[in-house]
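For reference, the structure discussed in these notes is given below.
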Amino acid sequence: MKKFITFEGGEGAGKSTQAKLLAKSLSKIKEKNLLTREPGGSKLSEKIRKILVDSSDIKISTDAELLLIYASRFQHLQERILPALKKKTVICDRFIHSTYCYQNEIKHLSTKIKFIHKHFAFNLYPDLTILIDLDTEIGLKRSFNKNKKEIRFEKKNIFFHKKVRQHFLKLSKNNKKIIKINGLETKKKIHIQIIDHLNSKSLYKKKLPYII
């Protein structure tokens, strides 16, 4: 079983950019990898994603939202992530920690998430999670400046997003499998910190190179 690495953080933190850079670094040392995202990652999962992150005013109950996330995740895991992990490093932009921070403690769904993850997500957890922490207002401003269509979560009030950040920080405390990186640093500095951390763990036979 190869390594499962996830990227987490609030809106506009730069997760997707850093996930792509890591994938390129792995390719440089001929380490096969799969770069994917959640919600999404498979044909069916991407269709479910449109419901979850679309900018329309569809009202979704908290339980329905959680079940949609796990319908998407189950298909994604079964179809792409688990088969890939037999031979490749899998890099996923968001996974279980986003579920906890966006759907869980804020909406008191902890017990349900643990049960569903065990029975409908193969109880799979990342080997390493890279949390890019960024001031909430700065992150939202960056996200809106991208002119994204998928802004259902961005449109939630500032208090929601501040709680999400606090829950990410809470999860990262005393957790050796989560490394927290300052999202105010430049794209290059963040990338260097990620590569240095992975190299310090000697996860691969060859040292990962910097891409930028």
Side-chain angles (χ1 to χ4, degrees), residues 4-13 15-16 19 36-83 85 90-127 129-134 136 139-140 143-144 148-173 175 177-178:
F4 182 32
I5 301 172
T6 59
F7 281 78
E8 297 285 8
E11 308 303 329
K15 300 175 290 73
S16 302
T36 189
R37 69 175 182 176
E38 286 214 343
S42 73
K43 191 171 182 179
L44 174 62
S45 302
E46 288 292 331
K47 288 183 181 294
I48 297 172
R49 177 189 177 88
K50 288 182 180 179
I51 298 170
L52 289 166
V53 300
D54 192 87
S55 61
S56 66
D57 294 324
I58 297 173
K59 290 184 178 179
I60 307 174
S61 71
T62 54
D63 283 339
E65 184 175 270
L66 184 62
L67 291 170
L68 282 169
I69 287 166
Y70 270 93
S72 172
R73 180 165 293 156
F74 181 86
Q75 189 72 18
H76 187 202
L77 284 163
Q78 187 177 57
E79 190 175 324
R80 299 201 68 202
I81 291 178
L82 291 176
L85 279 172
V90 174
I91 304 165
C92 193
D93 182 351
R94 293 201 185 282
F95 194 62
I96 180 64
H97 295 103
S98 276
T99 310
Y100 272 105
C101 293
Y102 279 81
Q103 279 79 34
N104 171 27
E105 295 180 46
I106 297 166
K107 299 171 183 176
H108 311 292
L109 297 176
S110 179
T111 303
K112 292 179 182 179
I113 290 174
K114 287 177 181 177
F115 178 86
I116 296 172
H117 196 77
K118 180 179 180 180
H119 296 282
F120 296 97
F122 307 91
N123 210 32
L124 180 69
Y125 287 85
D127 296 298
T129 295
I130 298 162
L131 170 62
I132 303 177
D133 176 52
L134 182 65
T136 306
L140 285 171
S143 192
F144 280 119
K148 291 165 49 181
K149 292 181 179 179
E150 299 177 338
I151 56 171
R152 178 171 167 259
F153 283 97
E154 280 91 335
K155 287 170 68 177
K156 292 181 181 289
N157 65 53
I158 191 68
F159 301 106
F160 171 87
H161 290 284
K162 285 185 175 182
K163 284 182 179 179
V164 168
R165 184 189 181 196
Q166 290 306 309
H167 287 307
F168 272 125
L169 293 173
K170 182 179 177 182
L171 285 177
S172 69
K173 284 184 178 179
N175 190 330
K177 289 190 174 183
I178 301 178

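Because the structure is predicted, anything quoted here is derived from the model rather than measured. Numbers here simply count residues along the sequence, with the first being 1.
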Test side chain to side chain contact (heavy atoms under 4.5 Å, CB included) on Tyr100 and His167 and set out the steps. CA-CA 8 Å; Tyr100 272 105; His167 287 307; over 6 Å; no
Take Thr36 and Ile91 through the test side chain to side chain contact (heavy atoms under 4.5 Å, CB included) and record every step on the way to the result. CA-CA 6 Å; Thr36 189; Ile91 304 165; over 6 Å; no
Kindly determine whether His97 and Ile178 satisfy side chain to side chain contact (heavy atoms under 4.5 Å, CB included), including the steps that lead there. CA-CA 10 Å; His97 295 103; Ile178 301 178; 3.7 Å; yes
Test side chain to side chain contact (heavy atoms under 4.5 Å, CB included) applied to Ile5 and Val90, step by step: CA-CA 6 Å; Ile5 301 172; Val90 174; over 6 Å; no
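By the side-chain hydrogen bond (donor to acceptor under 3.5 Å, both in side chains) test, Asp133 is found to be paired with Arg165, residues two or more places apart in sequence or in another chain being considered. Every residue meeting the side-chain contact (heavy atoms from CB on, under 4.5 Å) condition with Ser45, not counting sequence neighbours, appears here in chain and number order: Ser42, Ser72, Gln75, His76. The side-chain hydrogen bond (donor to acceptor under 3.5 Å, both in side chains) test applied to Gln166 returns no partner, not counting sequence neighbours. Shown here are the side-chain contact (heavy atoms from CB on, under 4.5 Å) partners of Ile51, two or more places apart in sequence or in another chain: Ile60, Leu68. When the side-chain contact (heavy atoms from CB on, under 4.5 Å) test is applied to Ala121, the partners found at least two apart in sequence or on another chain are Tyr70, Arg73, Leu77, His117. Applying the side-chain contact (heavy atoms from CB on, under 4.5 Å) rule to Lys118 yields the partners Asn123; only residues at least two apart in sequence or on another chain are considered. Taking the side-chain hydrogen bond (donor to acceptor under 3.5 Å, both in side chains) definition, one finds that Arg94 meets it with Ser98, Tyr102, sequence neighbours left out. Under the ring pair (Phe, Tyr, Trp, His ring centres under 6.0 Å) criterion, His161 pairs with no residue, sequence neighbours left out. With sequence neighbours excluded, the residues forming a ring pair (Phe, Tyr, Trp, His ring centres under 6.0 Å) with Phe115 are His119, listed by chain and number. Annotation: ring pair (Phe, Tyr, Trp, His ring centres under 6.0 Å) contacts of Phe168 (sequence neighbours excluded): none. Among residues two or more places apart in sequence or in another chain, the ring pair (Phe, Tyr, Trp, His ring centres under 6.0 Å) test is passed with Phe120 by none. Among residues two or more places apart in sequence or in another chain, the side-chain hydrogen bond (donor to acceptor under 3.5 Å, both in side chains) test is passed with Asn175 by none.
Residues Leu124 and Leu82 form a side-chain contact, since some pair of their non-hydrogen atoms from C-beta on lies under 4.5 Å apart. Taking 4.5 Å as the limit, some side-chain heavy atom of Glu154 sits within range of a side-chain heavy atom of Phe144. Side chains of Lys177 and Pro126 form no contact here, defined as non-hydrogen atoms less than 4.5 Å apart. Here the side chains of Thr6 and Ile96 are not in contact, with every heavy-atom distance at 4.5 Å or above.
In this structure, Lys15 NZ and Asp93 CG are separated by 3.5 Å, a value rounded to the nearest 0.5 Å. Remark: Glu38 CD to Leu52 CG distance equals 10.5 Å, nearest 0.5 Å. We find the CD1-CG distance between Ile69 and Leu67 to be 9.0 Å, quoted to the nearest 0.5 Å. Rounding to the nearest 0.5 Å places CD1 of Ile116 at 13.0 Å from NZ of Lys114.
Closest heavy-atom contact between Thr99 and Leu66: CG2-CD1, 3.8 Å. The nearest pair of heavy atoms linking Leu134 to Gly12 is CD2-O, 3.4 Å. Nearest heavy-atom pair across Ser172 and Leu131 is CB-CD2, 3.8 Å.
Between Lys59 and Glu65, none of the side-chain N atoms (NZ, or NE/NH1/NH2) sits under 4.0 Å from a carboxylate O, so this pair counts as no salt bridge. Electrostatic pairing of Arg49 and Asp54 does not count as a salt bridge here, judged by no charged N lying under 4.0 Å from a carboxylate O. Residues Arg37 and Glu46 are paired through a salt bridge, judged by an N-O separation under 4.0 Å between the basic side chain and the carboxylate.
Between Phe4 and Phe95, a ring centre-to-centre spacing shorter than 6.0 Å is recorded.
Counting only N and O atoms by type, the side chains of Glu8 and Thr129 include no donor and acceptor under 3.5 Å apart.
Stacking of Lys163 on the aromatic ring of Phe160 is not recorded, the 6.0 Å distance cut-off and the 45° axial limit not both being met.
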